[in-house]
**Student:** 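Sharing a structure with you now.
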Amino acid sequence: MNFRVALLGLTAFCTSVSAFGKDLPVEKAVLTEPPLVPPPITRTSPAKVLVELEVIEKVGQLADGVQYTFWTYGGTVPGRFIRVRQNDTVEFWLKNNPNNKLPHNIDLHAVTGPGGGAASTFTAPGHKTRFTFKALNPGLYIYHCATAPVGMHIANGMYGLIYVQPEKALPKVDHEYYVVQGDFYTEGDYGVKGLQPFSMKRAIDENPSYVVFNGAVGSLVGDKALKAKVGETVRLFVGNGGPNLVSSFHVIGEIFDKVYTEGGQRSQEQVQTTLVPAGGSAIVEYKLDTDGTFVLVDHSIFRTFNKGSLGMMKVEGKGNKDVYSGKEIDEIYLGDEVVATAVKSQATPAPAQAAAAKDGRTLFLSNCAMCHQTEGQGIPNVFPPLAKSDFLANLANKSRKDLVALVLNGKTGKIVVNGTEYNGVMTPVAGLDDEALAAVLSYVSSAWGNQAPAFTANEVKSLRPAPAVPTGAEH
Ligand SMILES: [Cu+2]
């Protein structure tokens, strides 16, 4: 006990002295949890900035029903966002929570010096260490743990971003957000429930079971989606903790007006997809010209639909029909050959062919089957089955309205289908008029042994939810 008190006294004493940058005004850095970014620094001269980061080892949620022992900087993955200004002197404290089991350190790519601070910050549980550096280079930098086995510390979530704001700050925007991709390696495959141990074999094989934004599947969807309004400009501070994969970062339905490639000082314009290296970053900016849900993905696209790298930005406001119309026409196309034959034989195309365009199965195959699969069987743990599903097999009146809303608005959050839990993301299905929607819903609720009565266009019309259908979620 006495020993502990003595130790505390000693630490308190240490806190007060650092000669490095002693003539500068002192301030404490504002640190934020993802997806938030500390406010821009308005100072016009250097300061001595105190940063305190605590390492916390804790069990958290990697996906619904899937727990994982994360090692974190500040309790979240990615760790706290740190913002300083070019030529600031940064007094950096690393604290290792006494309940932790392992020593850790930190390598900040913004540091000029051996190991980026790693050797100076090697810290045992229940200790704190300090070093000081001058932020010579502006830009957006990854920080990460560099304690052996380094790959494992990073794979467990030990990374985040530090932004060294240039002396001449970037122009003001309406929103700044913090998004970091990371790959995770669990013993169980994607979606296998329970507390999942780290798999060294998977990590060495570079075969992640999860690829996610901000530390978990669904961290940026539903209520947690990033938000903005039509006409606003957003800046995303994007990082990639890795440890292994590089990210082809893309926002579906947007073109980046500007990308500060690899987090450096020069920007490139009109970019569709930007590569974010493992241990690297990018700053992307875009103005929102119309409303809708814009989906953040790693365009190495199986990762998005099967491993979790999917986020959303919900943009509210008045849609701009001069920028995006929504579906204007869906009419019958029989192919040039059919028309030529029809002209030759002076006959009109058979009505059966005309009807085919509104055929429920065709619409199902082009709008739903890529997720729910061609026979509605779904994919275990990822996409719920529609065939013989307890929901569709017996559609009560109220559920008919829910079904219409679900297809038009999409669905996130926990659901139970035939006793099995799902917690995925169904993006809104856009561009179906009443007749097409009636046809596809009639099909899914009567095919594969489901037994609900057919939908009519009029019924669908009366069941459509009141506000405008979100658009912009398609490529
Ligand atoms: Cu570590």
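Since the structure is predicted, the reported quantities are computational estimates derived from the model, not experimental observations.
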**Student:** Please find the pair of heavy atoms, one from L170 and one from R235, that lie closest to each other, and give the distance.
**Tutor:**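 Shortest heavy-atom separation between L170 and R235 comes out as CB-NH2, 3.4 Å.
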**Student:** Hey, does K258 have a side-chain heavy atom less than 4.5 Å from the side chain of S267?
**Tutor:**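 Yes; the side chains approach each other to less than 4.5 Å.
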**Student:** Identify, with sequence neighbours excluded, every residue that meets salt bridge (Lys or Arg N to Asp or Glu O under 4.0 Å) alongside K414.
**Tutor:**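 If we apply the salt bridge (Lys or Arg N to Asp or Glu O under 4.0 Å) test to K414, skipping adjacent residues, the hits are D64.
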**Student:** With no hydrogens and no angle check, is any side-chain donor or acceptor of S446 less than 3.5 Å from a backbone partner on S442?
**Tutor:**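 Such a contact is found between S446 side chain and S442 backbone.
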**Student:** Taking NZ, NE, NH1 and NH2 as the nitrogens, is one of them in E375 or R361 under 4.0 Å from a carboxylate oxygen of the other?
**Tutor:**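 Judged by the 4.0 Å cut-off on N to carboxylate O distance, E375 and R361 do form a salt bridge.
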**Student:** Find the distance between CG (D223) and CE (M312) and round it off to the nearest 0.5 Å.
**Tutor:**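 The CG atom of D223 sits 12.0 Å away from the CE atom of M312.
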**Student:** Quick one: does S445's side chain have a donor or acceptor within less than 3.5 Å of a partner on L441's backbone?
**Tutor:**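 Pair found, side chain donor or acceptor close to backbone of L441.
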**Student:** Look at the side chain of R80 and the backbone N and O of L31, then say whether any donor-acceptor pair between them is shorter than 3.5 Å.
**Tutor:**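 No; judged by distance alone, with no hydrogens or angles, the pair does not exist.
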**Student:** Give the C-alpha distance, both sets of side-chain angles, the deciding distance and a yes or no for salt bridge (charged side-chain N to carboxylate O under 4.0 Å, His left out) between E232 and K287.
**Tutor:** CA-CA 6 Å; E232 289 184 331; K287 180 165 182 250; over 6 Å; no
**Student:** Could you measure the distance from the OG1 atom of T290 to the CG atom of N320? Nearest 0.5 Å is fine.
**Tutor:**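 Reported to 0.5 Å precision, the distance equals 5.5 Å.
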**Student:** Looking at K318, is its backbone amide N or carbonyl O close enough to the side chain of D291 to form a donor-acceptor pair, meaning the two atoms are under 3.5 Å apart?
**Tutor:**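 Judged by distance alone, no pair lies under 3.5 Å.
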**Student:** Could you state the interatomic distance from CZ (F81) to CD (E176), rounded to the nearest 0.5 Å?
**Tutor:**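 So the gap between those two atoms works out to 7.5 Å.
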**Student:** Do L226 and L296 come within less than 4.5 Å of each other through their side chains, counting heavy atoms only?
**Tutor:**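 The answer is yes, as the side chains (C-beta and beyond) meet within the 4.5 Å cut-off.
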**Student:** On a heavy-atom basis, which atom in G413 and which in N423 lie closest, and how many Å separate them?
**Tutor:**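 Shortest heavy-atom contact: C-OD1, 3.1 Å.
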**Student:** Using only atom types and a distance under 3.5 Å, with no angle test, would you say the side chain of Q196 pairs donor to acceptor with the backbone of K193?
**Tutor:**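 The answer is yes, because a donor-acceptor pair under 3.5 Å joins these two groups.
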**Student:** Are the charged groups of E459 and R400 less than 4.0 angstrom apart, N to O?
**Tutor:**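 Looking at E459 and R400, the cut-off is met.
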**Student:** Say whether N156 and Y68, considering side chains only, have a donor N or O and an acceptor N or O under 3.5 Å apart.
**Tutor:**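 Result is yes, a qualifying pair exists.
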**Student:** So, for Y177 and V37, which heavy atoms are closest and what is the spacing to 0.1 Å?
**Tutor:**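 Nearest heavy atoms, Y177 then V37: C-CG2, 3.5 Å.
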**Student:** Please verify the inter-ring angle class for F237 with Y163; under 30° counts as parallel, over 60° as perpendicular, anything in between as tilted.
**Tutor:**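 It falls in the tilted class, 30° to 60°.
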**Student:** For F198 versus A155, what's the shortest heavy-atom pair and its separation?
**Tutor:**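 Heavy atoms of F198 and A155 come nearest at CE1-CB, 3.7 Å.
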**Student:** Go through F364 and L386 one step at a time and tell me if the side chain to side chain contact (heavy atoms under 4.5 Å, CB included) criterion holds.
**Tutor:** CA-CA 11 Å; F364 168 77; L386 301 182; 4.0 Å; yes
**Student:** Under 4.5 Å between any side-chain heavy atoms of S209 and D189, yes or no?
**Tutor:**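 No, their side chains stay 4.5 Å or more apart.
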**Student:** V416 and D390: which non-hydrogen atoms are nearest, and at how many Å?
**Tutor:**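 Heavy atoms of V416 and D390 come nearest at O-OD1, 4.4 Å.
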**Student:** Can you tell me how far NZ of K224 sits from OG1 of T412, rounded to the nearest 0.5 angstrom?
**Tutor:**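 Interatomic distance, T412 OG1 to K224 NZ, rounded to 0.5 Å: 9.0 Å.
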**Student:** So how far is it from D88 CG to I41 CD1, rounded to the nearest 0.5 Å?
**Tutor:**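 Taking CG in D88 and CD1 in I41, the distance rounds to 6.0 Å.
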**Student:** Among N137, I142, L140, which residue satisfies the side chain to side chain contact (heavy atoms under 4.5 Å, CB included) criterion with H109?
**Tutor:**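 Among the candidates, only I142 passes.
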**Student:** Give a yes or no on whether the ring-centroid distance for Y73 and Y143 is below 6.0 angstrom.
**Tutor:**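 Yes.
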**Student:** Could you tell me if T261 and Q268 have a donor-acceptor pair between their side chains, going purely by distance under 3.5 Å?
**Tutor:**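 No, because no side-chain N or O of Q268 sits under 3.5 Å from a partner of the opposite role on T261.
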**Student:** Are the side chains of L275 and S248 in contact, using a 4.5 Å heavy-atom criterion?
**Tutor:**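 In short, these two side chains touch, coming nearer than 4.5 Å.
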**Student:** In sequence, state the C-alpha distance, the side-chain angles, and the governing distance for V173 and V234, and then conclude on side chain to side chain contact (heavy atoms under 4.5 Å, CB included).
**Tutor:** CA-CA 6 Å; V173 291; V234 296; over 6 Å; no
**Student:** Quick one, V212 with Q181, criterion side chain to side chain contact (heavy atoms under 4.5 Å, CB included). Give me CA distance, side-chain angles, the key distance, then yes/no.
**Tutor:** CA-CA 6 Å; V212 300; Q181 182 170 322; over 6 Å; no
**Student:** Begin with the C-alpha distance, continue with both residues' side-chain angles, and end with the deciding distance and a verdict on salt bridge (charged side-chain N to carboxylate O under 4.0 Å, His left out) for E316 and K229.
**Tutor:** CA-CA 5 Å; E316 290 185 341; K229 296 200 178 69; over 6 Å; no
**Student:** When you compare the side chain of L408 with that of V429, does any pair of heavy atoms fall below 4.5 Å?
**Tutor:**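 No - every pair of side-chain heavy atoms lies 4.5 Å or more apart.
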**Student:** State which residue, out of K307, R303, H250, fulfils the side chain to side chain donor-acceptor pair (under 3.5 Å) condition with D298.
**Tutor:**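 Answer after filtering K307, R303, H250: R303.
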**Student:** Would E187 and R202 pass as an ion pair if we require N to O under 4.0 Å?
**Tutor:**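 Result for this pair is no, no salt bridge flagged.
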**Student:** If only atom types and distance count, is the side chain of Q86 paired as donor or acceptor with the main-chain N or O of E167 below 3.5 Å?
**Tutor:**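 Flag set: sc Q86 to bb E167 pair under 3.5 Å.
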**Student:** Measure up the W448 and Y443 rings against each other and bin them: parallel (under 30°), tilted (30 to 60°), perpendicular (over 60°).
**Tutor:**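 Geometry flag for Y443 against W448: perpendicular rings.
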**Student:** Could you verify whether a donor N or O on one side chain and an acceptor N or O on the other, from Y324 and D289, lie under 3.5 Å apart?
**Tutor:**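 There is no such pair between these side chains.
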**Student:** Just by distance, no angles: are the side chains of T304 and S309 close enough, under 3.5 Å, to form a donor-acceptor pair?
**Tutor:**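 Yes - a donor-acceptor pair under 3.5 Å links their side chains.
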**Student:** Please evaluate residues V251 and Q272 with respect to the criterion side chain to side chain contact (heavy atoms under 4.5 Å, CB included), reporting the C-alpha separation (whole Å), side-chain torsions for both, the decisive distance (0.1 Å), and the verdict.
**Tutor:** CA-CA 8 Å; V251 176; Q272 59 194 304; over 6 Å; no
**Student:** Hey, what do you get for CG (N240) to CZ (F213), rounding to the nearest 0.5 Å?
**Tutor:**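 The CZ atom of F213 is 9.0 Å from CG of N240, to the nearest 0.5 Å.
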**Student:** Do you know the tightest heavy-atom contact between A438 and A457?
**Tutor:**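 Residues A438 and A457, closest heavy atoms: CB-N, 3.7 Å.
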**Student:** Given side chains that start at C-beta, do those of V30 and P39 come closer than 4.5 Å, heavy atoms only?
**Tutor:**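 Result yes, sub-4.5 Å side-chain heavy-atom pair found.
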